[in-house]
Each structure stands twice: as C-alpha cells, then as structure tokens.
2 protein chains.
Amino acid sequence: MVRRTGRRPGNPDTREAILAAARSAFAEKGYDGASIRAIATGAGVDPALVHHYFGTKDKLFLATMNSPIDPIDIITEATDGDRDEIGVRFVRAFLRMWDGPRGAAAVALLRSVVGTEWTTKLFREFIITQVLRRAVPRLGLDPAEASLRVTLAASHLVGLAMARYVIKVEPLASVPSETLVAAIGPTVQRYLTEDLPGVFPEA
Amino acid sequence: MVRRTGRRPGNPDTREAILAAARSAFAEKGYDGASIRAIATGAGVDPALVHHYFGTKDKLFLATMNSPIDPIDIITEATDGDRDEIGVRFVRAFLRMWDGPRGAAAVALLRSVVGTEWTTKLFREFIITQVLRRAVPRLGLDPAEASLRVTLAASHLVGLAMARYVIKVEPLASVPSETLVAAIGPTVQRYLTEDLPGVFPEA
DNA sequence: CGGGAAATTCATCTAGCGTTGAGTTCAACA
DNA sequence: TGTTGAACTCAACGCTAGATGAATTTCCCG
C-alpha cells in the first residue's frame with residue numbers, strides 16, 4: 001500500500017514547477033481566469049502547497065512577475081550608443097525581450113494588468129517608477145518634454161506587444177522582428193529626440 | 001405592505017438600463033470582474049431579469065459590444081479627403097470615438113478582450129473582418145503591403161488607447177487630443193502611405 | 001370584462017473559487 | 001537514535017458566481 005501523503009522524496013524544485021505552471025496559466029488565462037487549483041494541477045501538486053510556498057494568490061502573481069520584468073536592461077541597451085539610433089535599438093531590445101524566455105511572463109503581465117483594477121494601478125506605478133524615472137535621465141531631454149516623449153514611445157511599444165503577442169493579429173504577429181525594427185524604430189526615434197511640430201511650443 | 005414582485009408599471013426601458021449598467025461595469029472591471037449581480041444592482045433590478053433578457057453572461061457581453069463599435073465611421077471619415085492627411089484624420093476620429101459616449105464601451109471591450117481566450121479570439125476576428133477587410137480597399141494600397149501597413153497603424157492606435165484610457169499613464173492621459181493628433185498623425189500617415197525602407201523591398 | 005403574454009422577483013441549485021488547519025512523511029542534524 | 005522542521009496532502013469552510021423555475025403582477029388585445 002503506497003502512502004501518497006507526506007514529504008516527497010528527492011526533487012526539491014517543486015517550487016519552480018509551481019512558478020512555471022503559474023506563469024503559463026497567468027499568460028493564457030489572465031489573473032482572474034487562472035485558478036490556484038488549476039496551477040497546482042499543472043504542477044502535479046496539491047493546491048494547499050501553493051499557499052504553503054506563496055501565501056496568497058496575489059503574492060504568487062507578484063512572484064511570477066518579479067524576476068522577469070526589469071526594463072532597465074532594455075533602457076541601458078538602447079541608450080548606450082549614438083543618439084541617432086536610439087529608436088532602432090529600443091525596438092530591437094524590446095522585441096528581443098518578448099521573444100525570449102521571459103516573454104511568457106510579459107504576456108501574463110499584460111493580460112492580467114488590464115483585467116482588474118489593482119493590477120492596472122500596479123502597472124501604472126511600475127511604468128512610472130521603473131520606466132519613466134529611469135529612462136528620462138538617460139535620454140538627456142528637456143525635462144518639460146521628456147515625460148510626454150517617453151510615454152508616446154511607450155504607448156507605441158505597448159500597442160505593438162498587444163497586437164503581436166496578445167491579440168496575435170496577422171501579418172504583424174509573424175513578420176520578422178527586424179522588419180518591425182525598420183518600421184517602428186524611426187517612429188520611436190522621432191518621438192524621443194526629433195522636433196514635434198504642434199506638440200511642443202516651437203523653440 | 002408593498003408587494004415588490006411582478007411587472008413594473010410604466011417604463012419599459014429596463015432593458016436599456018441593464019445594457020448601460022453592463023457597459024460601465026464591463027468597462028470598470030473587465031469581463032470576469034463584472035458580475036451579473038452587480039450589473040443588476042446597478043440597474044436597480046433583480047439578477048434573474050438579466051438572464052430573462054439576455055440569456056447568458058456571454059450574450060450580455062456580446063449585446064453590450066454589439067451596437068457601439070462600428071469602426072466603419074472612423075474609416076470612412078479618415079479616408080474621405082485628400083490622401084496626404086489620412087493619418088491626422090485617422091487619429092482625430094479615433095480619439096473622438098474614445099472621448100465620446102461610446103468610449104466607455106470601447107474601454108470595456110479592450111479591458112475584457114485581453115482577459116480571456118475566447119474574447120481575444122473574438123476580437124482578432126473582429127479586427128480582421130471589420131477593420132482590415134474594410135479599411136484596406138479604401139486606402140488604395142498595394143495589396144501585398146496593405147495588411148502590414150494597416151496593422152502597424154492599428155497597433156499604434158491600440159497602444160495609445162491602452163496607455164491613455166485603460167492604464168491612464170500621465171501625461172499621456174491628460175494631454176489635449178489635438179496634441180496627440182499632431183504627434184501621432186504623421187506616424188500613421190507614414191505607416192499607411194509613405195515609403196518604409198527596410199520593410200518592403202524597394203520598388 | 002377576461003385571458004394570455006410579458007415583466008419582474010424570490011428562493012434556490014450547483015459549481016468553483018481562495019484559503020485554512022490538522023495531519024503525515026521524509027531528511028538532516030545533534 | 002531522537003527530535004525538529006520542512007515538504008506535502010486531505011478535508012473542509014465560507015463565499016460568490018451564474019443559472020433556473022416557479023410565482024406574482026401588470027399590460028394589452030379581443
């Protein structure tokens with residue numbers, strides 16, 4: 001007679017399995033749609049164990065989102081180099097993140113962010129503190145213009161991520177990333193550094 | 001003793017009240033977050049009445065999304081006129097829709113679309129059949145390029161809507177719409193009609 | 001006036017959720 | 001070897017959700 005209860009022998013990486021299952025569940029279903037029970041099943045584990053490791057569903061979600069999203073990489077990569085190609089480098093680094101292993105977590109983030117109020121607020125503050133306050137000083141822009149310039153560029157990138165990775169509308173979803181770099185790079189460049197007649201009072 | 005049950009005298013516009021309550025509930029909370037019970041309370045009505053009128057929550061959501069979203073208006077408005085200002089007119093019409101009375105429904109759409117799989121799929125097909133297949137012929141573009149051009153522009157507009165109306169990140173959320181027209185209009189124009197070196201093989 | 005149909009509510013069913021606490025097994029250390 | 005604590009499961013609680021069917025009231029048409 002096999003006893004199923006109690007400590008499992010061997011593998012101590014159950015925690016990682018739960019995290020992985022949570023990531024893909026959140027990415028597919030969003031925060032509300034992903035249930036702890038389903039995540040536990042996906043990890044081959046009892047639902048209570050999820051709470052044992054992570055406490056609440058909120059904390060599990062935050063743990064899922066924690067490591068993979070650090071836009072500082074993108075920002076530094078894009079701002080290192082000559083100023084005339086910031087746009088292209090920004091788009092390239094952005095796309096590489098979404099196509100990389102952390103992309104699923106980013107999809108989960110975007111999916112969940114929109115669903116409920118507290119995640120939206122969380123994301124807004126994340127954008128402000130992690131993106132705006134970090135990107136603005138590195139760009140050497142007029143402080144009066146910087147925020148609008150950066151949010152213009154960011155809105156474009158968010159829309160790109162939505163269309164390509166969440167909604168998956170063709171042909172945008174399948175086009176090579178370098179094509180998108182060529183198309184969108186100049187736009188981002190314009191938003192960040194070039195003159196925007198009609199937007200800011202002419203200097 | 002007042003009997004509360006039975007048919008209400010007078011006003012037969014309860015159905016519209018439910019629809020209105022559903023629209024704002026979906027806009028605020030998203031599909032999952034909005035409960036039929038809350039919608040019913042918001043309309044001053046019993047939850048069962050919602051089912052009496054709309055059957056299931058899915059159908060209520062579809063009914064909510066049905067009438068108010070007809071991008072054909074935006075498309076015709078933008079494509080009527082000289083070809084060099086399509087971009088500006090597109091952005092202007094787009095923003096006017098979001099700021100108008102049907103904007104709440106649009107926010108609801110965007111909020112809910114991303115949350116669950118079936119709404120995402122629904123939205124993708126909506127984009128293809130209602131936007132792409134209608135906008136492409138009116139633009140007089142090379143058919144080989146048209147889809148990518150339109151989805152590029154659409155992704156930008158979706159991102160704008162997300163940033164301004166859903167996430168509400170400043171200063172983008174409060175800036176006058178004409179400022180955004182001036183900033184984004186030229187980009188949309190470029191995506192739709194101008195040369196995109198590196199994107200399409202040079203003609 | 002009378003009767004059917006629509007509008008509306010009530011009470012209730014079932015299912016799923018997040019969460020909890022008690023209990024069981026294993027591994028490591030003294 | 002004995003004890004401690006971490007890993008893990010079981011069973012259950014309390015809650016909320018969407019949905020249903022019967023009952024009640026009103027309107028409208030003949």
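For the numbers below, each heavy atom of this structure counts, side chains included, while hydrogens, waters and symmetry mates do not.
At D:dC8, one or more side-chain N or O atoms of A:Thr14 fall inside 4.0 Å of OP1 or OP2 (strictly under the cut-off). Checking the phosphate oxygens (OP1, OP2) of D:dC8, no side-chain nitrogen or oxygen of A:His52 falls inside 4.0 Å. Phosphate contact (OP1/OP2 of C:dT19, side-chain N/O of A:His51, threshold under 4.0 Å): present.
Per the geometry, NZ belonging to B:Lys57 stands 9 Å off P belonging to D:dA17, to the nearest Å. When the C1' atom of D:dT20 is taken as reference, atom CG of B:Leu49 falls 14 Å away, rounded to whole Å. Remark: P of D:dA17 and CG of A:Asp32 are 12 Å apart, rounded to the nearest angstrom. Atom pair B:Phe54:CZ and D:dA19:C1' shows a separation of 16 Å (rounding to whole Å applied). Look at CZ on A:Phe26: it is 9 Å from P on C:dG18, rounded to the nearest Å. One interatomic measurement links the two molecules: CG of A:Asp46 to P of C:dT25, which rounds to 15 Å at whole-angstrom precision. The NZ atom of B:Lys59 sits 14 Å away from the C1' atom of D:dG18 (whole-angstrom rounding). Between the OH atom of B:Tyr53 and the C1' atom of C:dT8 there is a distance of 8 Å, rounded to whole Å.
More than 12 non-hydrogen atoms from other residues, nucleotides or ligands lie less than 6.0 angstrom from CZ of B:Arg138.
Closest approach of B:Lys29 and B:Ala34 over heavy atoms only: CB-N, 3.6 Å.
Between the side chain of A:Arg37 and the base of C:dG16, no donor-acceptor pair under 3.5 Å is found.
Between the side chains of A:Arg111 and B:Thr120, at least one donor N or O lies within less than 3.5 Å of an accepting N or O.
Residue A:Ala34 is in sugar-phosphate contact alone, with no base atom involved, counting any heavy-atom pair closer than 4.0 Å across all strands shown.
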query: After noting the C-alpha distance and the side-chain angles of A:Val88 and A:Gln189, does the key distance pass the side-chain contact (heavy atoms from CB on, under 4.5 Å) rule?
result: CA-CA 7 Å; A:Val88 167; A:Gln189 183 75 40; 6.0 Å; no
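Along DNA chain D, the nucleotide nearest to B:Ser35 and the one nearest to A:Ala48 differ in position, and the one closer to the 5' end is contacted by A:Ala48.
Geometrically, A:Lys57 engages A:Tyr31 in a cation-pi contact defined by less than 6.0 Å to the ring centre and at most 45° from the axis.
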